[in-house]
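To start, the structure under review is shown below, and the notes come after it.
We number each residue from 1, following the sequence as shown.
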Amino acid sequence: MYRFFVQPQVDQRQQAVFGYELLLRKEQHGHWAVPAKFTELSLDKQVHLLEELAGQLATKATNQVLALNLNREQAEDELMLGTIIYLKKRLNPAALTIELTESATLAEIQKYSMLFHQYGIQLSIDDVGTGSNTFDNIKDALPFVDQIKFAMQNLRMSGKADQIPTALAFWQTIARDYHLDLILEGVEDEHDQRMAQQLGIELHQGYYYGKPRLAVKPAATEVQPTSNER
């Protein structure tokens, strides 16, 4: 059995949840786990689950954003574009963002941008500043996307937590220069929240606001920080 877990994305300026990142999970021996491959579940079946989830979250009423991850293998599926566009039509007027979790070529991002934007679908590049998503590698693609995401946990796990403030300031400048939204992932406590606000970063995601969870009823839009226990 597969389900989408949701993690809230919050706007500190409005003190409200503006959307949810969708995280695919598979039930194994009574527990929910990350699938070995996200392509285990076909994109059309993921779309069906996402439609059910949108109903549970009442996103047509709240206009909260649903952010769906797309990896390289999924993005190369020849049926992907049509499936995503079909999904957006079914979700209208709810908002949809596609997060590219792995590097795409400039030509691919240009194609996705042209087609998705026709249907009001936003495009995001995940994990900027780590792996292959360095500024030099993605700068030519930035005019074609709407959002970038910076994951503090990536630097923490690699023992480079001390580099976070400098890296954040750099990517906040890039977001401003390219007129992009910047979502900061990995906000775990008040210290992280204050650091982000001091840098002018108002769009947050992390355990401080809520762990990924199953959606069983419409969620409140008020921001409710929670314990950062993992």
Side-chain angles (χ1 to χ4, degrees), residues 1-9 19-57 59 65-88 90-91 96-113 115-116 121-134 137-138 141 145-158 183 185-186 205-207 210-216 230:
M1 178 186 296
Y2 296 86
R3 287 289 185 272
F4 275 116
F5 278 50
V6 298
Q7 186 171 34
Q9 298 175 326
Y20 299 92
E21 181 175 2
L22 310 181
L23 303 164
L24 189 65
R25 296 292 183 263
K26 180 180 181 180
E27 188 176 25
Q28 295 179 317
H29 310 297
H31 300 281
W32 293 99
V34 177
K37 292 185 65 176
F38 290 101
T39 49
E40 287 179 16
L41 189 66
S42 65
L43 198 55
D44 62 328
K45 290 182 179 179
Q46 291 190 37
V47 163
H48 177 71
L49 288 179
L50 198 151
E51 282 190 74
E52 290 183 350
L53 178 62
Q56 291 170 335
L57 294 172
T59 54
V65 179
L66 296 176
L68 178 66
N69 293 314
L70 208 67
N71 65 23
R72 181 72 190 215
E73 188 173 353
Q74 291 168 319
E76 290 177 342
D77 185 333
E78 61 182 10
L79 301 179
M80 180 273 295
L81 290 172
T83 302
I84 296 298
I85 291 168
Y86 169 74
L87 169 63
K88 180 58 170 69
R90 300 273 292 182
L91 293 178
L96 178 65
T97 294
I98 298 300
E99 294 186 10
L100 299 175
T101 62
E102 297 174 2
S103 296
T105 67
L106 176 59
E108 288 169 337
I109 289 180
Q110 289 172 328
K111 178 177 68 174
Y112 304 153
S113 177
L115 291 172
F116 287 158
I121 302 168
Q122 293 206 323
L123 195 58
S124 174
I125 298 178
D126 202 5
D127 294 336
V128 297
T130 55
S132 60
N133 281 343
T134 64
N137 284 346
I138 67 171
V145 303
D146 308 283
Q147 177 191 104
I148 54 177
K149 297 185 74 177
F150 183 93
M152 290 192 289
Q153 62 269 27
N154 290 345
L155 290 179
R156 287 169 175 153
M157 289 188 295
S158 61
I183 296 182
E185 293 184 280
Q205 180 179 337
Y207 282 8
K211 297 179 181 181
R213 62 173 177 82
L214 279 170
V216 294
R230 290 184 179 273

Any heavy-atom pair between the side chains of [Y] and [X] that's under 4.5 Å?
X	Y	result
E73	E102	no
F150	L155	yes
I98	I84	yes
N133	I148	no
L96	L87	yes
L41	L49	yes
L66	L50	yes
L53	L22	yes

ask   = Just by modelled atom types, is the N71 backbone N or O under 3.5 Å from a matching donor or acceptor in the Q74 side chain?
value =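 Checking the backbone N and O of N71 against the side chain of Q74, a donor-acceptor pair under 3.5 Å is found.
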Quick check for you: to the nearest 0.5 Å, what is the distance between [X] atom [atom1] and [Y] atom [atom2]?
X	Y	atom1	atom2	result
I121	S113	CD1	OG	11.0 Å
D126	E185	CG	CD	5.0 Å
I183	Q9	CD1	CD	4.0 Å

Indicate the atoms forming the closest heavy-atom contact of [X] with [Y], along with that distance.
X	Y	value
R25	P35	CA-CD, 4.2 Å
S158	N154	OG-O, 3.1 Å
P212	Y207	CD-CE1, 3.8 Å
F5	W32	CZ-CG, 3.5 Å
P8	G210	CD-O, 4.0 Å
T130	D127	OG1-O, 3.1 Å

Looking at residues at least two apart in the chain, or sitting in another chain, which of them share a side-chain contact (heavy atoms from CB on, under 4.5 Å) with [X]?
X	result
N137	S132, T134
V145	I109, L123, I125, L142, L180
A75	L70, M80, Y112

query = R90 and V47: side-chain contact (heavy atoms from CB on, under 4.5 Å), yes or no, with the steps?
reply = CA-CA 10 Å; R90 300 273 292 182; V47 163; over 6 Å; no
inquiry  = For a side-chain contact (heavy atoms from CB on, under 4.5 Å) check, start with the C-alpha distance between Q46 and F4, then their side-chain angles and the critical distance, and finish with the verdict.
reply    = CA-CA 8 Å; Q46 291 190 37; F4 275 116; 3.6 Å; yes
ask   = Can you name the side chain to side chain donor-acceptor pair (under 3.5 Å) partners of Q7, sequence neighbours left out?
value =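 If we apply the side chain to side chain donor-acceptor pair (under 3.5 Å) test to Q7, skipping adjacent residues, the hits are Q205.
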task = List in chain and number order the residues that pass side chain to side chain donor-acceptor pair (under 3.5 Å) with K111, two or more places apart in sequence or in another chain; answer none if no residue qualifies.
result =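 For K111, no residue satisfies side chain to side chain donor-acceptor pair (under 3.5 Å) once neighbours in sequence are set aside.
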ask   = Is there a side-chain contact (heavy atoms from CB on, under 4.5 Å) between N69 and E21 once you walk through the steps?
value = CA-CA 8 Å; N69 293 314; E21 181 175 2; 3.1 Å; yes
message = Set out, in order, the CA-CA distance, both residues' side-chain angles and the distance that settles side-chain contact (heavy atoms from CB on, under 4.5 Å) for F116 and L81, then state yes or no.
response = CA-CA 8 Å; F116 287 158; L81 290 172; 3.7 Å; yes
ask   = Taking only residues two or more places apart in sequence or in another chain, which ones pass salt bridge (Lys or Arg N to Asp or Glu O under 4.0 Å) with K26?
value = E40
Check against salt bridge (Lys or Arg N to Asp or Glu O under 4.0 Å), K149 and E99 = CA-CA 9 Å; K149 297 185 74 177; E99 294 186 10; 2.9 Å; yes
query = Would R72 and E108 pass as an ion pair if we require N to O under 4.0 Å?
reply = yes
request  = Verify the distance criterion only: is there a donor paired with an acceptor across the side chains of E52 and H48 at less than 3.5 Å?
outcome  = yes
